[in-house]
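Every chain is numbered from 1 and lettered A, B, ... according to where its sequence line falls, protein lines coming before strand lines.
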Protein chains: 2
Amino acid sequence: MLSDRQRLILNAIVDNYIHSAEPVGSRTISKKDGIGFSSATIRNEMADLEELGYLEQPHTSAGRVPSTKGYRFYVDNLIQPHLLNDLELGKLKQLFAERIHHFEQVIEYTAQILSHVTNYTAIVLGPEIFEHRLKHIQIVPLNEEQAVAIVVTNTGRVENKLIDLPKGVRPQEIEKLVNILNTKLSDVPLWQLRQRLYQEIAGEMRRHVEQYEEMLHILEDSLTREEKERVYLRGATKIMNQPEFRDVDKVKDILELLERNDQLIHLFGAPAEGLTVRIGQENQLDAIKQCSIITTSYSLGGKPVGMVGILGPTRMEYSKVITVLNYLAEGLSQMLTSEFEK
Amino acid sequence: MLSDRQRLILNAIVDNYIHSAEPVGSRTISKKDGIGFSSATIRNEMADLEELGYLEQPHTSAGRVPSTKGYRFYVDNLIQPHLLNDLELGKLKQLFAERIHHFEQVIEYTAQILSHVTNYTAIVLGPEIFEHRLKHIQIVPLNEEQAVAIVVTNTGRVENKLIDLPKGVRPQEIEKLVNILNTKLSDVPLWQLRQRLYQEIAGEMRRHVEQYEEMLHILEDSLTREEKERVYLRGATKIMNQPEFRDVDKVKDILELLERNDQLIHLFGAPAEGLTVRIGQENQLDAIKQCSIITTSYSLGGKPVGMVGILGPTRMEYSKVITVLNYLAEGLSQMLTSEFEK
DNA sequence: ATTTAGCACTCGATACATCTGAGTGCTAAC
DNA sequence: GTTAGCACTCAGATGTATCGAGTGCTAAAT
């Protein structure tokens with residue numbers, strides 16, 4: 001266990017390094033307010049902290065830099081609450097003042113503001129499908145062969161998919177089918193659709209609809225398709241402002257990862273409720289072992305439905321980012337709940 | 001006017017520089033096949049070409065580099081047709097083999113392949129709205145206050161927007177309204193909707209629908225909203241592979257520009273039919289004055305409806321990119337036309 | 001009148017030596 | 001237990017010499 005003085009010094013070193021991006025020397029620390037020790041004493045403590053694995057030395061005659069373990073201890077035990085200034089608070093409140101007109105807009109705007117306030121890369125994962133319930137199904141024929149299947153949910157989300165019609169199907173048949181679907185499946189959660197389709201609809205369809213078998217397959221396909229996760233990314237280039245990423249090769253791997261929309265979701269790791277911090281080496285993906293990711297979930301009516309996260313260098317303003325994320329997730333949850341819980 | 005020999009030499013220099021990324025010296029050129037002159041002669045010609053503004057010298061004892069004017073002459077007069085290899089052709093044909101199931105998918109896949117084959121950044125602009133005709137309108141109430149308005153076009157595109165309902169409107173009224181709209185507006189091009197709404201629907205509505213005035217405003221708002229252009233970007237980080245962009249500061253401006261979805265469309269400049277090449281300084285945006293953009297349009301039934309483009313360094317493989325773009329735009333046009341012209 | 005060989009010259013790149021100073025570890029005194 | 005003092009280390013900055021690719025110009029060759 002670390003002594004009080006060791007904690008004090010570790011805290012000072014991390015704080016300093018986060019803002020200066022330069023290895024921190026013993027003299028710098030000893031001159032700080034609140035530290036009443038000479039540089040020699042600090043040096044001894046630093047040597048101990050290094051031996052314990054909390055600090056690292058880039059080379060013999062340089063100052064110390066926090067290790068992943070050091071950051072971890074800092075985040076878990078030392079971090080002090082951050083006070084947001086009026087400008088930042090204003091930006092965040094702006095988001096909640098918006099009237100929700102489109103789900104995606106809110107998410108996009110959230111990512112935008114997060115990135116802007118923190119100066120790091122923001123990732124927002126849209127509300128998960130399992131809270132969406134079917135409001136309405138519509139099938140609009142385009143011509144003899146094709147139609148568009150449209151699914152509207154109680155949350156106002158609209159999914160659509162082009163489908164191929166069986167040969168010679170008559171418009172009346174489609175209409176009949178849609179009526180059955182809307183009567184039977186209204187208010188069913190989307191993830192149950194496939195199941196319900198077979199359990200309750202199949203029999204009904206056989207009785208009333210021609211070519212029911214083909215239609216059934218097509219329906220199954222269009223109603224139960226993989227929901228493409230809606231991930232929004234903002235401020236990917238912000239990482240380039242960090243002095244430790246002034247090298248194209250270092251930045252390239254990260255940006256290539258961020259460019260791949262399908263990979264983004266993996267940055268969140270296992271979906272977890274509440275705030276999670278993953279620091280440097282703790283990250284699975286090689287490309288971001290020099291970065292930290294802080295994520296948290298937001299909820300609708302108490303159930304977590306989506307996530308927001310910040311990607312930055314390991315030398316990140318943890319305190320500020322954590323405050324911002326907590327504040328934002330809280331606000332977002334309230335906003336969603338009051339909007340859709342009625 | 002340039003002499004034949006000057007053209008030959010300029011061509012050789014540009015070709016060489018495109019592949020080596022190093023200033024080209026007189027000796028390099030004189031040793032090339034097809035050039036029967038000594039380095040001294042080449043030097044004299046180079047001096048002339050520089051004076052005429054086709055070449056530049058980074059410093060006194062360095063070789064020559066093409067200027068924007070030099071590239072321009074090369075593209076306009078010297079370029080030779082490029083032959084695609086089997087691998088590249090295979091990749092491109094793969095695209096056309098796909099069955100169209102979703103417009104956006106095709107566009108996304110196009111960008112993907114373009115970037116992969118050329119190793120530069122690809123930008124694809126989705127088909128413009130003016131060829132889309134109304135197929136079906138639907139208004140799905142979500143609760144007392146809100147509804148989703150859905151517009152389906154003959155091309156299978158689905159637009160949707162959350163709308164606020166006037167207080168106390170009855171479901172029957174909405175149904176009546178939707179019926180009127182579908183009867184009167186079927187097959188009307190989307191861009192005419194607003195106009196037709198007032199000319200033909202307003203009178204009908206007043207007779208049959210309560211609260212017609214509020215509904216009219218809401219409809220107008222939801223039917224005529226700005227179509228958000230669908231721009232797809234792929235391979236933004238490819239620019240980092242170029243030796244002249246190994247500097248974070250140079251890359252940053254470009255990537256920041258590409259990150260802004262709303263700005264992307266400006267990269268295409270004025271929408272033009274056919275192939276356009278904009279080289280270095282010719283570009284309006286400062287961030288890409290070290291880059292070239294090649295764009296072309298693709299069409300549906302003879303009318304241009306969208307664009308594809310490639311962004312790369314001024315030192316770009318113009319010949320190859322032009323060939324690829326032409327080939328792809330041609331194939332895409334055929335594909336779209338055969339799909340939607342029936 | 002062109003072309004080319006020859007040569008002096010330029011200047012970025014590279015290598016190497018030197019200097020500087022921030023920071024360390026250790027020891028001995030406080 | 002703390003600190004002053006000091007020798008030591010080493011990355012980074014600065015300075016100097018050398019190298020060589022490439023040039024421009026002149027005079028000879030074609």
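Between A:T60 and the phosphate of C:dT24, there is no side-chain N or O to OP1/OP2 separation shorter than 4.0 Å. Contact check, B:R64 against D:dT23: a side-chain N or O comes under 4.0 Å of OP1 or OP2. In terms of phosphate contacts, A:T41 brings a side-chain nitrogen or oxygen within less than 4.0 Å of OP1 or OP2 of D:dT3.
Note on ring orientation: taking the six-membered ring where Trp is involved, the planes of B:Y318 and B:Y74 are perpendicular (angle over 60°, cut-offs 30° and 60°). Between B:Y71 and B:Y17, the ring planes are tilted. Angles from 30° to 60° get that label.
At whole-Å resolution of the value, CD in A:Q57 and C1' in C:dG23 are 8 Å apart. The distance from atom CZ of A:F37 to atom P of D:dT3 is 7 Å, rounded to the nearest whole Å. The interatomic distance linking A:R5 (CZ) with D:dG1 (C1') rounds to 8 Å, in whole Å. Between the CE atom of A:M46 and the C1' atom of C:dC26 there is a distance of 17 Å, rounded to whole Å. In this structure, A:E22 atom CD and D:dA11 atom C1' are separated by 12 Å, rounded to whole Å. Between A:D48 atom CG and C:dC26 atom C1' there is a gap of 14 Å when expressed in whole angstrom units. Separating the CG atom of B:L55 from the C1' atom of D:dG24 is a distance of 16 Å, rounded to the nearest angstrom. Between B:N16 atom CG and D:dG22 atom P there is a gap of 10 Å when expressed in whole angstrom units.
The local environment of CZ in A:R27 is sparse, with at most 12 non-hydrogen atoms from other residues, nucleotides or ligands closer than 6.0 Å. The 12-atom threshold is exceeded at CZ of A:R72, counting heavy atoms of other residues, nucleotides or ligands nearer than 6.0 Å.
Each of A:M316, A:R315, A:Q290, A:K250 was evaluated against A:Q242; a single residue qualifies, A:R315, per the side-chain contact (heavy atoms from CB on, under 4.5 Å) test.
Using a 4.0 Å heavy-atom criterion, one finds that B:S39 contacts no nucleic acid atom at all.
Two residues, B:G63 and A:H59, neighbour DNA chain D, and the one matched to the more 5' nucleotide by heavy-atom proximity is A:H59. Residue B:S61 is the one, among B:N44 and B:S61, whose nearest nucleotide of DNA chain D lies closer to the 5' end (criterion: closest heavy atom).
Donor-acceptor pairing under 3.5 Å, judged by distance alone, is present between the side chain of B:R43 and the base of C:dG6. Evaluation of atom-type donor-acceptor distances gives no pair under 3.5 Å for the side chain of A:R27 against the base of C:dG21.
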